[in-house]
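Below: one structure, written as structure tokens.
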2 protein chains.
Amino acid sequence: MKKMFYKYFPKIPILENVDIICGKANIKSRSRLDLAIIIFNNYANVAYVTTKSKTFAANIKWLKANKSISKVKVLMVNSGNANAYTGEQGYLNLKSLIKFLSYGFNCKNKEVIISSTGVIGEQLPINNIISTLNKFAENSIEKKNMNWESFARSIMTTDTFPKGIYKKTKIGNKEVKLIGIAKGSGMIAPDMATMLGYIFTDADLSSKLLQELLIEVNEKSFNSITVDSDMSTNDMVCFFSTRKILNKVQTIKDKILDKFKKDLQWVATELAKKIVCDGEGATKIIEVNVLGAKSYSDAKNVALSIANSPLVKTAIAGEDANWGRIIMAIGKSKAKLEQNNISLKFGRNIVLNKGKLKKNYNEKPISEYLKKNEIRIEVDLNYGKFFSKVWTCDLTKKYIEINADYRS
Amino acid sequence: MKKMFYKYFPKIPILENVDIICGKANIKSRSRLDLAIIIFNNYANVAYVTTKSKTFAANIKWLKANKSISKVKVLMVNSGNANAYTGEQGYLNLKSLIKFLSYGFNCKNKEVIISSTGVIGEQLPINNIISTLNKFAENSIEKKNMNWESFARSIMTTDTFPKGIYKKTKIGNKEVKLIGIAKGSGMIAPDMATMLGYIFTDADLSSKLLQELLIEVNEKSFNSITVDSDMSTNDMVCFFSTRKILNKVQTIKDKILDKFKKDLQWVATELAKKIVCDGEGATKIIEVNVLGAKSYSDAKNVALSIANSPLVKTAIAGEDANWGRIIMAIGKSKAKLEQNNISLKFGRNIVLNKGKLKKNYNEKPISEYLKKNEIRIEVDLNYGKFFSKVWTCDLTKKYIEINADYRS
């Protein structure tokens, strides 16, 4: 990607009463940040969504078993090891970490959340983690490892850049902060992937409200991206409220939440797009818009069919205006459609108009357009009123390189 | 692929009363065989299955519109152009070819079958095709272009080798022939792909019987392979009977058909495997066996989830025993399962036994095993009685290379 807009890590202020500590626990093979904790000194309300994978990791099992988690004192994240498919031992390791943290921070077990990301099927190096957490407690951590950017770095696996976003917003006339941090590069698909996302706000929102808001924004952000159609065992997105800035919000429909909701959607969407931009081997981000579908699920189905098609993604990597592959991908979707109704554009360049090739169709401006880093595909099925937008990246040799020897 | 067993084109005898003519009509960019006709001088009974794509090609539209085709005099196949998404003009072109052939061979329009494969969205070079067909009629074709291997070559697009198979079999005590020819390399996925398959027999079978047999063998052959999960607009498999060798078969359940059915399944499966072996950029063929599923569709769902996972396919390309990715792929399937029941083997090497890593698990023999060209993955869900076997290939940089600039 030549223009690195998405790779930029913005300046993000620290939240009051929130401490960040990051360090190296030798979980990753090379010496890199791989362990982080966030301490909510005055507790935070929390809501989360997790992977739909049936081979979910130990920490997801814990969350499924403890459904009533709504308040949290500590978040711990490690990268380099997913603690997934690690059986009883893996679950015991998770529980001992939770006990260790709840004891250390003087809270309940159910006030600790743990996320893991990395290789599947290997046991956590629990001793390394515990001794690093002890160092955290001794407060011998360098200042530079105590900010949002180090947190974002600590949770990276095959990511090539840390992902963060910040938005000042308002509830009523009170200014509140929205901070988003995420990681993810491979195994990115709808319904979560090797994706971890954390959104923090100082606005005082109940865990019930956080949950409703998260589900709402999640569908059109993290659940609308795909890198390789693979779904991970560990994905989760958490939404924390430090409860600092009070408000009078009663329900999600309160008008005074409107600006906050819009900005929250922006934060989630921009984070999601950063993940796609860092899609393994990606050189382009592709926005797929599907209009005129019979239902929302039909629209999304067609959009994902295009966004997941290796033939579409390699054509775009090759900057090849091979629009026939988009037609193929539309054809294989499960949506109701009539092939002679389809209109198709690359950016502003019309290819098809209701099933007919544009008069004097000329490939050149499209080939020119495909040289950009951000590609927009628009399909109008002319078959209904529903719309979906998803993001993906191109599929390049680098993807193969990264994935043919990730562990070595 | 080092050992080229699947690339071998066997000696296939000509069928009595069947003529094959192949030539170059300049449909493909370079001068290669790209047009073939097969003439059934005494007619053939025929049955076929076609793509489920909603953006199906002109010839598929013709077949859908003429459901009663059961007898055929001429089969024409062209490669280099799919005549898909070519609108009214494309359909007119198809119909004029059908008229030309039915006139030339003195048969009805409905006794002509046309298949096309190649680029989507461009009009057929109809004049080139007609003038080449005229040359065919003048009989000025070289002998070397009048056999099964040239037919197999004529229908190739990104294929790297022609695909044919031959089996002598029996119905009762009468010897009959089974001949299979196919093409396909990219856009290979269940429910057909850029796949064309033709099976010929001299056994006298009604078109109804051919249809029943074809549907039966198709599910566990052509519908059980995947290269890249993309589905084509043009796929079809046809089954022809020249009606030469008479028999007393009444129904598909007749015992005297047993050997023929078994051999027909073998022909279809071997053809399908040849396609996977020629999967774009493939260096390995991967057989995925899923046992112990709650239903057949659950078994196939898990098998395809593994076989379509880019992360599994790149790991195998890298000869990396990263079994966690198989667990991930099982987890993202739609099947009912319990993660702690899963057993997993690479070839004969056990990795997991009912959810537990094998005692003293050692990766080395598996890494050794993964150096082979033919890899077998066995997953036992231990959750039911159903079984599915599918084939795929590894995903390599070469796939990207081929597909990033297919048309140039």
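To find a chain, count down the sequence lines: A is the first, B the second, and so on, and within it residues start at 1.
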*Check step by step if side chain to side chain contact (heavy atoms under 4.5 Å, CB included) holds for B:Tyr361 and B:Ile350.*
CA-CA 8 Å; B:Tyr361 170 69; B:Ile350 297 170; over 6 Å; no
_Between OG1 on residue B:Thr117 and CG on residue B:Leu196, distance to nearest 0.5 Å_ = 5.0 Å
*Looking at A:Leu352, A:Leu357, A:Val351, which one has more heavy-atom pairs under 4.5 Å with chain B than the rest?*
A:Leu352
_Is A:Ile342 close to chain B through its backbone or its side chain, or both, or neither, when contacts mean heavy atoms under 4.5 Å?_
both
_Among the listed options B:Thr86, B:Leu337, B:Ile330, the residue most often paired with chain A at heavy-atom distances under 4.5 Å_ = B:Leu337
*Specify the closest pair of heavy atoms between A:Ala317 and A:Leu395, including all atoms of both residues, with the distance to one decimal.*
CB-O, 3.4 Å
*A:Leu63 and A:Met236, any side-chain heavy atoms less than 4.5 Å apart*: yes
*Could you look at A:Ala335 and say if it's the side chain, the backbone, both or neither that has a heavy atom under 4.5 Å from chain B?*
backbone
